[in-house]
Amino acid sequence: MPNRTLLIAGNWKMNNDVAEAAKLADELAQALPEVPAGVEVLVCPPTIDITTVHDRIQAAPIALGAQNVYWEAKGAFTGESSCDMLKSAGCTYCIIGHSERRAMGETDADVNAKVLAALEAGLVPIMCCGETLEQREAGITDEWIAMQIKLGLNGVSEEKIRRVIIAYEPIWAIGTGRTATPDQAQEVCENIRAVVRKLYSSKNARAISILYGGSMNDKNAFELLAQPDIDGGLIGGASLVPEKFVEIINAANQPTA
Ligand code: PGA
């Protein structure tokens, strides 16, 4: 099995004003003077907090990402931020197609345009996918996820696919305290890798990082991260509590065998 770096990513969602974000960033920087080998740590604050958080974590081994991006470079797109703007504020990653944004109307075509723009600009896209409870109960999880992946990656070249991170986030597990079991999460992440294998190659499928998200916390992280096809976590609620986030990072560092 290839040694993929485990990415532990905090999605702060719409939490923390500028002062609160500065405090949380300071606490994380203090708690993480270094991160274990083989683990990468990322925080994705609200856009308004990005510059402040960048200043606070500059000396720490913590990467910075945005929660959304727009595909156009500049112009009359009120309320949006371009890839280059995010990069100029210190971001190297960007979450794209989170289910909470899809629920506000973001389409697969939007997600695809954002993924292509991020790759073109040199931002690492974390492309989210996930099924509803109804879809899971109807037995169409694999087909649904495969469709989201194919549409989201449409036009992504063979050379760029390895820079895409895919986050599997079952909608029924987000913010509900109801985590997918490690087996359920592994099964879907394995299927995602198989979809990438079919679209690209075995080599690319082995190289790509797939995260799990949905009520991951300090208690369940170890078992989830021990699964062979889970290469990290996209963490909402628990990323707002420094002790819990650090515990998850420690769980990523534990030998599984
Ligand atoms: P949660 O959110 O950890 O609070 O469930 C995860 C996410 O939506 O990225």
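Counting starts at 1 for both ligands and their atoms, in listed order.
In this model, no donor atom of one side chain and acceptor atom of the other lie less than 3.5 Å apart for E134 and W172. Side-chain contact of K23 with N16: a donor-acceptor pair under 3.5 Å is absent, judged by distance alone. No side-chain donor-acceptor contact under 3.5 Å links D49 and T52. Q67 and H98 share no side-chain donor-acceptor pair at under 3.5 Å.
Side chain of D218 to main chain of E247: no donor-acceptor pair is present (N/O by atom type, distance under 3.5 Å, no hydrogens or angles). Between the side chain of T51 and the backbone N or O of A89, no donor-acceptor pair lies under 3.5 Å.
Closer than 4.0 angstrom to ligand 1 by heavy atom are N11, K13, H98, E169, A173, I174, G175, G214, S215, L234, I235, G236, G237, sorted by chain and number.
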